[in-house]
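Each residue takes its place number in the sequence, starting with 1. A quick note: this is a predicted structure, and the numbers were derived from the prediction, not measured.
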Amino acid sequence: MQIYLSLGTNIEPRIQYLKFAIEAVSKLVGVIEYLSSVYNTAPWGVRNQYDFLNMALCVNTPHELIKVLNIAKQIEKDAGRKDRPPWTARELDIDILIAEDVILYTSTLTVPHPHMHERRFVLVPLCEIAPQLIHPALHKTVTQMLAECPDNCEVKRVGAIIELN
């Protein structure tokens, strides 16, 4: 199954947290097919905190989505993520955005991600690697969602500082 993930961090060393996540996703989730550039993004929700680094991945995984969620949460924990209030500082955040045409609503996981179309820090990196990807519930491409996104937080490309091996 082809899935799209969002990675984010705003606690130093930010680049090392992203590299840790990419390596762990590659070993535990599946083959990374596409990797966006890294983007420096203004905080969303709680504004009084450091900027985030965000990126998107396309991964081919043999796992069910609940298993991917559990692996992602373990990767976050292994990176040292501490429990904090929503939308505040974090060592590492891994979100499942889209998984092919799957629409899933459970008490622990909603796919597609319920707020992805409202967040530039998700859409800009995703648009770089999958501009024509269609949101299975909204029936819009990533490009369309980005054009219609109400979020005005700044998202700046840092560069392709993390590369697939």
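Pairing each heavy atom of I103 with each of P136, the nearest pair is CD1-O, 3.6 Å. Residues A89 and N10 come closest through the heavy atom pair CA-OD1, 3.1 Å. Scanning all heavy atoms of the two residues, the minimum distance from L92 to Y17 falls at CD1-O, 3.9 Å. Between G8 and N54 the shortest heavy-atom distance is CA-ND2, 3.4 Å. Among all heavy-atom pairs drawn from I129 and C58, the shortest one is CD1-N, 3.9 Å. Here the closest heavy-atom approach between residue D151 and residue F121 is recorded as OD2-N, 4.3 Å.
Between R84 and E91 there is a salt bridge, with a side-chain nitrogen of the basic residue lying less than 4.0 Å from a carboxylate oxygen of the acidic one.
Separation of atoms OG (S6) and NE2 (H113) is listed at 7.5 Å; rounding is to 0.5 Å. A distance of 10.5 Å separates OG1 of T143 from CD1 of I134, quoted to the nearest 0.5 Å. For the atom pair CD of E64 and CE of M1, the computed distance is 6.0 Å after rounding to the nearest 0.5 Å. Atoms CD1 and CZ, from I11 and F52 in turn, are 8.0 Å apart once rounded to the nearest 0.5 Å.
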*Apply the test salt bridge (Lys or Arg N to Asp or Glu O under 4.0 Å) to residues E23 and K19: give CA-CA distance (whole Å), side-chain angles for both, the deciding distance (0.1 Å), then the verdict.*
CA-CA 6 Å; E23 185 176 319; K19 287 180 178 180; over 6 Å; no
Decide yes or no on side-chain contact (heavy atoms from CB on, under 4.5 Å) for S36 and M55, but give the supporting numbers first. CA-CA 6 Å; S36 78; M55 61 188 310; 3.3 Å; yes
Would L146 and H117 count as a side-chain contact (heavy atoms from CB on, under 4.5 Å) here? Give the steps. CA-CA 7 Å; L146 181 57; H117 63 287; over 6 Å; no
Requested in this report: Would you sort out whether Y4 and I96 count as a side-chain contact (heavy atoms from CB on, under 4.5 Å), showing the intermediate values?
Outcome: CA-CA 6 Å; Y4 291 84; I96 301 170; over 6 Å; no
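A donor and an acceptor atom, one from each side chain of N60 and Q2, are nowhere located under 3.5 Å apart.
Linking Ile, Leu, Val, Met, Phe, Trp and Tyr residues whenever their side-chain heavy atoms come within less than 4.5 Å leaves V59 and V31 in two separate clusters. Linking ILVMFWY residues whenever their side-chain heavy atoms come closer than 4.5 Å, directly or via other members, places I15 and L5 in the same cluster. Residues Y50 and W44 fall into different hydrophobic clusters, defined by Ile, Leu, Val, Met, Phe, Trp and Tyr side chains chained together at heavy-atom separations under 4.5 Å.
Within the structure, side chain to side chain donor-acceptor pair (under 3.5 Å) contacts touching residues 125-136 (residues at least two apart or in different chains) are S37-E128, Y39-E128. Identified under the salt bridge (Lys or Arg N to Asp or Glu O under 4.0 Å) test for residues 131-145, with sequence neighbours left out: K140-E148. Within the structure, salt bridge (Lys or Arg N to Asp or Glu O under 4.0 Å) pairs that include any residue of residues 92-104 comprise R81-D93, R90-D93 (at least two apart or interchain).
Side-chain contact between V111 and I98: absent, with no pair of heavy atoms (C-beta onward) separated by less than 4.5 Å. Between I32 and V25 there is a side-chain heavy-atom pair separated by less than 4.5 Å. L126 places a side-chain heavy atom less than 4.5 Å from the side chain of M116.
When the options L57, I75, L35 are evaluated for a side-chain contact (heavy atoms from CB on, under 4.5 Å) with L7, the one that passes is L57.
Judged by distance alone, the side chain of D51 and the main-chain N or O of N40 form no donor-acceptor pair under 3.5 Å. Side-chain atoms of T61 come within 3.5 Å of backbone N or O of V29 as a donor-acceptor pair. Of the possible donor and acceptor atoms, none in the side chain of T41 sits under 3.5 Å from a partner among the backbone N and O of L53. Within the 3.5 Å criterion, the main-chain N or O of Q144 finds a donor-acceptor partner in the side chain of T141.
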Pairs under 3.5 angstrom only: tabulate donor-acceptor contacts from the side chains of residues 66-74 to other protein residues two or more places apart or in another chain.
{"residue": "N70", "atom": "ND2", "partner": "I66", "partner atom": "O", "Å": "3.3"}
{"residue": "K73", "atom": "NZ", "partner": "E76", "partner atom": "OE1", "Å": "3.4"}
{"residue": "Q74", "atom": "NE2", "partner": "D78", "partner atom": "OD1", "Å": "2.7"}

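Applying the side-chain hydrogen bond (donor to acceptor under 3.5 Å, both in side chains) rule to H115 yields the partners E118; only residues at least two apart in sequence or on another chain are considered. Remark: K82 pairs with no residue by the side-chain hydrogen bond (donor to acceptor under 3.5 Å, both in side chains) rule, at least two apart or across chains.
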